[in-house]
Amino acid sequence: MNDRLNILFVQVDQLMAESLRAYGDKICHAPNLDRLAARGAVFERAYCNFPLCAPSRFSMATGQLCSSIGAYDNAADMRASVPTYAHYLRRAGYKTALSGKMHFIGPDQFHGFERRLTPDVYPADYSWVPRESGLSKRETNDTRAVTVSGVAGRTVQMDYDDRVTFEAQQYFYEVARDEEDDRPFFLQVSWTHPHDPYLCRPEYWELYEDAEIPMPRTAALDPEEQDAHSLRLLESFALLGVEFAAEDIRRARRAYYGSISYIDDKLGQLLFALEEAGLAENTAIVFTSDHGEMLGERGMWFKKHFFEPSVRVPLLIAAPGKSPKRVNGLASLVDLLPTFMGLAEGAGWTSPVEPLDGIDLTPYLDDAQLSQDRAVYAEYLAEATPAPILMIRQGRFKYLHSEVDPPLLFEIEADPDERRNLAADPEYAEVVNRFAGQARQKWDSQALWQDIHQDRRRRLFILEAAGVGHATRWNHGETPDDATPWYRGTEGYNEWAFRHLPART
């Protein structure tokens, strides 16, 4: 058996860091995640680079910001010409496999993975390209996320994540039996929970029967208190001016916790199979989420903003021979590609192809400490904005830049709920000017926005053309005539997502 480290990369969808005990939560029942955090490195301040599913995954996979690779929204191509961590690891001698959601858009549905063990849960075509008016109402979230929440006997998302787990377990057993291919493995397991709908099975709901479900620390704000981007998002989600009853909010948040407990059980099944196959002692485990979840803070739900619940993610790395540690410098998901290569080939790896935006985090599993002055970046380039919105997180501050919206500046440690915008305070004018200059040096917002609109026009034209005559389907292993329970854009997203079996009493 090859003695190089195997790598198990576990990713979930829409999990905010602060909902886990490793990040300060008091009630979350997730013992497998607790044990993983207790034996590995907990990166306390990790951020996604785009608070939306597909672009976040594409920047993560390539180690580059979305503005560099043209991944602008949930229907943007994952370009086949850009190497991913699966390409780099495969070239370095790893067998690469994917079980679960990756949300690849376009005809290349592998991007360096030798094997895909499951279909994807979402469409691989241009169904979700933003129009001038944003996404159509049939494709965006709405109030049902909160009002239709709680207990369910079964949802399609549960069907999907159960299948993802089963195929991943089988992969471990296949690796253990394979006497001919002794390459180390890289397996990505990607569950769609705890993504809304906020529905969970009764056994996970009951875990929180006696728990005091925390309500949002910041209640819904009046419209005049909201920033410009928040107002647009609330309007896009049909949530502007909506006041949910306290019991609705509490029920949705309790079901969200239940969904976390569900994926924690899935993780436990995965780790059991890894142990049973005799692979655990030589496998590094990396756990994260593609982005966070607002979960009612400020009256906001879902993602697409740069507030901490939406953009800060858990990042846990447990590697053989490494002691438990908490890392309090800034990290982000573009760091994953060089970190995987650091685990595979040793610290100090650099790409032989092109500069990357991320850094190798493996030195920080030992005695090294991340610099407190490091800057991490994030972007929002999709629907519900008239211009790129850009984030710089550095030192004490988080700065949000747009050429059409007023700037936002928060001092995160002193103001963790981001209630005081310092950008209009004369005392911080120099800080704002410094960050604004940094943003304009890094991004050409006008040119970027022109590229985004041209790219949208092309994709919308192709989508319309694809609807004429005989249909095609890019999804892995599928033809247009194949029946599938997964979402393929042939009906409204919410009609698909909220169709569930009631819990039996």
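Just so it is clear, the model here is predicted, and its values are computed rather than measured.
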In sequence, state the C-alpha distance, the side-chain angles, and the governing distance for Asp373 and Ser371, and then conclude on side chain to side chain donor-acceptor pair (under 3.5 Å).
CA-CA 5 Å; Asp373 292 328; Ser371 169; 4.6 Å; no
Determine, stepwise, if the pair Asp451 / Tyr72 fulfils side chain to side chain donor-acceptor pair (under 3.5 Å).
CA-CA 10 Å; Asp451 288 344; Tyr72 302 136; 4.6 Å; no
Salt bridge (Lys or Arg N to Asp or Glu O under 4.0 Å) between Arg459 and Asp73, intermediate numbers included:
CA-CA 11 Å; Arg459 288 181 285 141; Asp73 52 63; 2.8 Å; yes
Do Asn494 and Glu139 pass the side chain to side chain donor-acceptor pair (under 3.5 Å) test, and can you show the C-alpha distance, the side-chain angles, and the key distance before you say yes or no?
CA-CA 7 Å; Asn494 287 311; Glu139 298 292 358; over 6 Å; no
Kindly indicate, with the supporting measurements, whether the criterion salt bridge (Lys or Arg N to Asp or Glu O under 4.0 Å) is fulfilled by Lys398 and Glu308.
CA-CA 10 Å; Lys398 178 194 289 181; Glu308 291 287 283; 2.8 Å; yes
Can you list the steps and then say if Leu233 with Met300 is a side-chain contact (heavy atoms from CB on, under 4.5 Å)?
CA-CA 8 Å; Leu233 289 178; Met300 300 178 68; 4.0 Å; yes
Set out, in order, the CA-CA distance, both residues' side-chain angles and the distance that settles side-chain contact (heavy atoms from CB on, under 4.5 Å) for Tyr428 and Phe397, then state yes or no.
CA-CA 11 Å; Tyr428 292 87; Phe397 297 106; 3.9 Å; yes
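In the model, Gln188 has a side-chain atom that pairs as donor or acceptor with a side-chain atom of Tyr85 under 3.5 Å. Looking only at atom types and distance, the side chain of His401 has no donor-acceptor partner in the side chain of Lys442 under 3.5 Å away. In the model, Asp196 has a side-chain atom that pairs as donor or acceptor with a side-chain atom of Gln14 under 3.5 Å. In the model, Tyr122 has no side-chain atom that pairs as donor or acceptor with a side-chain atom of Asn74 under 3.5 Å. Counting only N and O atoms by type, the side chains of Glu403 and Trp449 include no donor and acceptor under 3.5 Å apart. No donor-acceptor contact under 3.5 angstrom links the side chains of Asp227 and Asn421, judged on distance only. There is no side-chain donor-acceptor pair under 3.5 Å between Gln157 and Tyr262.
Arg312 contributes a side-chain N or O that, together with a main-chain N or O of Glu44, makes up a donor-acceptor pair within less than 3.5 Å. In this structure a side-chain-to-backbone donor-acceptor pair under 3.5 Å is present from Gln109 to Gly106. For the pair Ser59 (side chain) and Ser56 (backbone), a donor-acceptor distance under 3.5 Å is present. Between the side chain of Arg254 and the main chain of Ile213, no donor-acceptor pair closer than 3.5 Å is present. With hydrogens and angles disregarded, no donor-acceptor distance shorter than 3.5 Å links the side chain of Asp357 to the backbone of Val334. At least one donor-acceptor pair under 3.5 Å links the side chain of Arg326 to the backbone N or O of Ala22. With hydrogens and angles disregarded, no donor-acceptor distance shorter than 3.5 Å links the side chain of Ser310 to the backbone of Phe306. With hydrogens and angles ignored, the 3.5 Å screen pairs no side-chain donor or acceptor of Arg250 with any backbone N or O of Met215. When atom types are taken as modelled, the side chain of Arg251 and the backbone of Val146 share a donor-acceptor pair closer than 3.5 angstrom. Glu225 places a side-chain N or O within donor-acceptor distance of the main-chain N or O of Asp222, the cut-off being under 3.5 Å.
Aromatic pair Phe110/Phe104: centroids not less than 6.0 angstrom apart. Less than 6.0 angstrom separates the ring centroid of Trp128 from the ring centroid of Tyr487. Between His111 and Phe113, the ring centre distance reaches or exceeds 6.0 Å. For Tyr380 and His305, the distance between ring centers is not under 6.0 angstrom. Aromatic ring centres of Trp301 and Tyr256 lie farther apart than the 6.0 Å criterion allows.
Within the 4.5 Å cutoff, the side chain of Leu20 has heavy atoms near those of the Tyr23 side chain. When side chains are defined from C-beta on, Phe244 counts as touching Thr143, because their heavy atoms get closer than 4.5 Å.
The CG atom of Leu239 sits 8.0 Å away from the CG atom of Asn141 when rounded to the nearest 0.5 Å. For the atom pair CG (Leu8) and CG (Leu271), the distance works out to 7.0 Å, reported to the nearest 0.5 Å. Note that CZ of Arg396 is 9.0 Å distant from CG of Leu422, once rounded to the nearest 0.5 Å. Between the NZ atom of Lys322 and the OG1 atom of Thr362 there is a distance of 7.0 Å, given to the nearest 0.5 Å.
Here the shortest heavy-atom pairing between Met102 and Ala61 reads CE-CB, 4.0 Å. Heavy atoms only, all atoms of each residue included: Ser99 and Val164 are closest at OG-O, 2.8 Å. Closest non-hydrogen pair, Arg57 versus Ser190, comes out as NH1-OG, 3.0 Å. The two residues Gln394 and Arg434 come nearest to each other via the heavy atoms OE1-NH1, 4.0 Å.
Between Glu427 and Arg420 there is no salt bridge, since no side-chain N of the basic residue sits under 4.0 Å from a carboxylate O of the acidic one. A salt bridge links Asp417 to Arg217: at least one charged side-chain nitrogen sits closer than 4.0 Å to a carboxylate oxygen. We find that Arg45 and Glu413 are joined by a salt bridge, their nearest charged nitrogen and carboxylate oxygen being less than 4.0 Å apart. No salt bridge links Asp444 with Arg440; every basic N to acidic carboxylate O contact stays at or beyond 4.0 Å. A salt bridge links Asp13 with Lys101; the closest basic N to acidic carboxylate O contact falls under 4.0 Å. Using a cutoff of 4.0 Å between basic side-chain nitrogens and carboxylate oxygens, Asp248 and Arg253 are not scored as salt-bridged.
With a 6.0 Å cutoff to the six-membered ring centre and a 45° limit on the axis angle, Arg298 counts as a cation-pi contact of Phe307.
Partners of Glu235 according to the salt bridge (Lys or Arg N to Asp or Glu O under 4.0 Å) rule, which considers only residues two or more places apart in sequence or in another chain, do not exist here.
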List the atom pairs, donor and acceptor, that lie under 3.5 Å between side-chain atoms in residues 384-392 and the rest of the protein, sequence neighbours left out.
{"unit_1": "Thr385", "atom_1": "OG1", "unit_2": "Ala387", "atom_2": "N", "d": "3.3"}
{"unit_1": "Thr385", "atom_1": "OG1", "unit_2": "Ala387", "atom_2": "O", "d": "2.5"}

Tell me which donor-acceptor pairs under 3.5 Å the side chains of residues 337-349 have, and how far apart each pair is, sequence neighbours excluded?
{"unit_1": "Thr339", "atom_1": "OG1", "unit_2": "Asp335", "atom_2": "O", "d": "2.6"}
{"unit_1": "Thr339", "atom_1": "OG1", "unit_2": "Leu361", "atom_2": "N", "d": "2.9"}

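Each of Arg456, Arg232, Lys304, Arg131 was scored for a salt bridge (Lys or Arg N to Asp or Glu O under 4.0 Å) with Glu383, with one residue passing: Lys304.
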